[in-house]
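Just so it is clear, the values below take in all heavy atoms, side chains as well, and ignore hydrogens, waters and symmetry mates. Since the model is a prediction, treat every value here as computed from it, not as a measurement.
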Amino acid sequence: MFRRLIVGLSIVVLVSPVFVSAQSVADLWAQITELMNRVGALNAQAAAAAASSSSTVNQCPVLNRTLNYAARSSSRGADVKDLQRWLIGEGYLAAGNDTGFYGLLTVEAVKKFQCKEGVVCGGTFSSSGYGSVGPATRAAIARVCSAIVPQCVPLPAETRTLSCPVGMIGAITETRTSMCAPGATSPTWGEWTVSSNTCVKDVPPPPPPVTPTLTAAPTSGSEPLTTIFTANVGTPNSNYRYQLTFGDDSSPVEVKPNETVTLPHTYSKAGTYIAQLIGTSIGACDEGKCGDMVLLSVKIVVNGTPPPPPGTCSAAKIAEILAPATATSTTVNVNCSVTLPANQTITKDVRLYPEANGKTFDCNGSTLSNRWSLSVRSRYDAATGAIQKARDITVKNCRATGTVQVAAGISGDVTLQSSRTAGHTAFMRSVAPTNITLDNITIAPAPGVSNGIYFQVGTTYVTLKNSTIGGNLTGVPLYLDAESGNHTIINNTFSAISPREQLSVDGSSDNIIRGNTFNFRGGALRNGGVMIYRNCGENSVIRHNEPRRNIIENNTLNYIGNKNTSDAYGVWIGQRNVNPPGYCGQDAGYPYGSSVDNHDFARDNIVRNNVFSKVSTSFMVKNDDTNNTVTGNRDVNEVPPPVDTPQTRDAQRVSDFQSLETALTAYRAQHGEYPRTSAPQYWHAACSGTATWGLWSRGTSGANGWVPGLAPGFISVLPTDPKPNGANNCYLYRSNGTDYMLLAHKTIEYFTQATNPKPRPANDGIAGDGCTENPYQNSYAVYTPGAKCW
């Protein structure tokens, strides 16, 4: 029917007289437009299909087995995750807890459901099934799901664009909406209606006149405001000279005819200013009028000093921080970003709870003088299982006479009970702070202070950098506690007098300790450097996490005077394997961690390229497990500098890429991807030269480094090839964020094609590896699988 209507309309148009007047043509166009709108609406009615969209309140889980937290086989799986999502949708479980692990939070959610639905409301999972999903609970879930009724949900409005009639430009836009009728389970569409018609006759615009121009950006902002002006007088008049005035007390700037002037101007005070492009008569008057002629003007609004950005501490909060501690006010909770006045003394215990997430606490050189100078803390409610996790907090430029700690914020009893379950490490890490940065912290402890900086149980991804730990301590300058991991300790100086080692890695894993200086000094307190071990039994707490995959590299360890004891090693891997403390038996009786075996299990650690002074080589590194890697460490007093030969240069290239690989792994752990090179992933290089497929002559640090952003945060400085071979042959890097390749391009000297441990696959001449084969190019490469054939 509608097709016949369109054809009929076409016939009406075709049979209309072609010799009509101009007025008749205009009328005809109006009729055509109206008819087209009506045709569109009729076509829409004919084409509208019954579209339905229904959603259910919540997706019912498919449960075919008994689930509880008692055993690994019944506490994990996709059906556990389905159950958790259903519990979240029904309001029994908080969002974000669909982990696939049937833990304590899931147990509590199931109990609430069982009580509400009358399944069971007491006992234990073994006696009554309380907190366990058995046949009765599965039947109750199915019964609740069967009551879910489909709901009608209107569909989003739809828009379509139609072409204009021949000879016109623009477009016709039509819109339709859906609605849900009473009692309906699916929506129905309304008719298409014209929402916009921009059709006009296709007439080319006239050429623009040559006119004066004056632009400014920005035209508003806070003092001082720098605005960029661009001015052109257009077609000049020889009787005038032209100037740009800024509306303040500054001198005008001449604008010559046929030239464009672009220049910045700074407004130093708040106010409203009118900048003008002015022509001043210098000869004959313009139409009998002499004087200035304003061609164009622009208004500039300069505001006063801006308010602090959201999340910045108020003046009242800063005053609270600086106020002296009293008997009734010993702590201050900071929930905002702040830069303190310089050289102040804060006597309160400063605490940063989850309200400070994403904030920065900048001491600006001020001193934290409380015995517990500063702590970053999570919150955990043992009664409800609610977790408020501290994350993404930065503390910097502080001096402290007490301990700085990053703490889980849970009681010792909760830690003890958790240690007697299989998921202890995961639980502690789910509670404890993460992504915390301590930058430029100086510890100068008062008498009686134990640890200088303390990363408590379960903390992850804490970075300590550019800091100094000195003075006299009764404990350890830096302590990485059990169940913690992925910390970065970089570019710090340790020079504290302590009865123990300078850095304890106690049941902590996957840490990077790089570029630090350890000065072991003091009367008789030279007791070693970095100790890697796992404590056990203390306060009956079982230690689960093993001190594995720690990387200790490129550090300097200086013994000032003779070392104190026969076991004061620079680095000792497995320090308590042979002599565990006497309280190890306190944790006996459970099938977990140190309760099963008191050995350290310090394995898969890497200690390399560290420099020692004034200590024999036998006391540089002690390794009590053959599964660790110890290489490239040297004593500057006993080992002569390496000879510069092709063999040593190739060895240096291998060592450089090992350090870079470690730094890239740490960067990805913190940022979620590798440092990207310029799109479309050009090669970045550390040598001069030009090439159409690369970006060259980049630096060794910062955003312009040949590995962008890696140094100095994750490696002190980017290494460069010891002997570049030509303008374009040196160290190269390329990454799309997901994969990367490091390449010593055409500089390998000692390795042959057969002995090169890591040739570039695309150029190794070996068939069958999936890469395009080219002649051997003397290249060494480190790469992720996705970058293999780059």
Side-chain angles (χ1 to χ4, degrees), residues 554 609 646 648-668 671 673-753 755-766 769-790:
N554 299 329
N609 302 332
T648 60
R649 287 193 292 271
D650 275 2
Q652 180 63 48
R653 294 175 177 112
V654 173
S655 177
D656 287 347
F657 277 25
Q658 287 175 339
S659 298
L660 288 167
E661 189 174 13
T662 299
L664 286 166
T665 300
Y667 183 100
R668 187 184 187 190
H671 294 280
E673 64 175 13
Y674 298 111
R676 292 176 177 266
T677 53
S678 304
Q681 288 78 56
Y682 288 124
W683 292 97
H684 283 190
C687 56
S688 61
T690 59
T692 58
W693 50 276
L695 298 176
W696 305 89
S697 303
R698 300 179 70 88
T700 57
S701 184
N704 194 47
W706 63 274
V707 182
L710 195 65
F714 299 88
I715 190 171
S716 56
V717 66
L718 297 173
T720 57
D721 196 291
K723 189 177 181 180
N725 177 23
N728 296 338
N729 301 329
C730 60
Y731 286 173
L732 309 181
Y733 172 75
R734 177 180 175 185
S735 175
N736 57 10
T738 303
D739 292 288
Y740 75 86
M741 177 179 282
L742 290 165
L743 183 64
H745 183 55
K746 295 186 179 180
T747 61
I748 296 300
E749 304 170 77
Y750 177 75
F751 294 139
T752 65
Q753 184 173 5
T755 63
N756 190 343
K758 292 184 178 181
R760 182 183 179 190
N763 302 112
D764 58 10
I766 299 175
D769 61 3
C771 302
T772 303
E773 310 304 335
N774 292 311
Y776 180 63
Q777 294 188 4
N778 298 331
S779 297
Y780 178 85
V782 172
Y783 49 88
T784 56
K788 177 180 179 181
C789 296
W790 286 359

Ala663 meets the side chain to side chain contact (heavy atoms under 4.5 Å, CB included) criterion, sequence neighbours left out, with Arg514, Leu710, Phe714, Ile715
Residues Glu661 and Leu742: closest non-hydrogen pair is N-CD1, 4.3 Å
Hey, does the side chain of Asn778 reach the backbone of Lys746 with a donor-acceptor pair shorter than 3.5 angstrom? no
What one should report as the nearest heavy-atom pair of Leu718 and Gly699 is CD1-O, 4.0 Å
Test ring-ring contact (aromatic ring centres under 6.0 Å, His included), reference Phe657, set Tyr740, Tyr733, Tyr780, output is Tyr780
Smallest heavy-atom separation, Pro675 atom then Leu664 atom, equals CD-CD2, 3.5 Å
d(Cys730 SG, His745 NE2) to nearest 0.5 Å is 8.5 Å
- Item | Modelled atom types, side-chain donor and acceptor of Thr747 and Asn729, under 3.5 Å | no
When every non-hydrogen atom of Pro708 is compared with those of Ala703, the smallest separation belongs to CB-O, 3.6 Å
Are Arg760 and Met741 packed together at the side-chain level, in the sense that at least one heavy-atom pair is separated by less than 4.5 angstrom?
yes
query: Under 3.5 Å, is there a donor-acceptor pair between the Ser655 and Asn609 side chains?
result: yes
| said: I'd like to check His684 versus Val707 (side-chain heavy atoms, cut-off strictly below 4.5 Å). Are they in contact? | reply: no
For the backbone of Arg653 and the side chain of Asp650, can you confirm whether one donor and one acceptor N or O come within less than 3.5 Å of each other? no
Tyr750 vs Arg649 side-chain heavy atoms within contact, under 4.5 Å:
no
| request: State, without any angle test, whether Tyr731 and Asp656 hold a side-chain donor-acceptor pair at a distance under 3.5 Å. | output: yes
Note: Leu660 and Pro719 closest approach over all heavy atoms is CD2-CD, 3.8 Å
Exercise for the section: Quick one: do Thr662 and Tyr667 satisfy side chain to side chain contact (heavy atoms under 4.5 Å, CB included)? Show the steps, please. Expected result: CA-CA 9 Å; Thr662 299; Tyr667 183 100; over 6 Å; no
Across all chains, not counting sequence neighbours, the side chain to side chain contact (heavy atoms under 4.5 Å, CB included) partners of Val717 are Thr700
Contacts of Glu673 meeting side chain to side chain contact (heavy atoms under 4.5 Å, CB included) (sequence neighbours excluded), chain-then-number -> Arg676
Distance col, row Gln658:CD vs Asn554:CG, nearest 0.5 angstrom, shows 10.0 Å
Distance col, row Ser779:OG vs Phe751:CZ, nearest 0.5 angstrom, shows 13.0 Å
Interatomic distance, NZ@Lys723 vs CD1@Ile748, rounded to 0.5 Å, equals 13.0 Å
Between Asp721 and Ala744, the two heavy atoms sitting closest are OD2-CB, 4.3 Å
Rounded to the nearest 0.5 Å, the OG1 atom of Thr784 sits from the CZ atom of Arg668 at a distance of 8.0 Å
Can a side-chain donor-acceptor contact be found between Thr755 and Thr752 if the only test is distance below 3.5 angstrom?
yes
When rounded to the nearest 0.5 Å, the distance separating OG1 of Thr677 from CZ of Arg698 is 8.5 Å
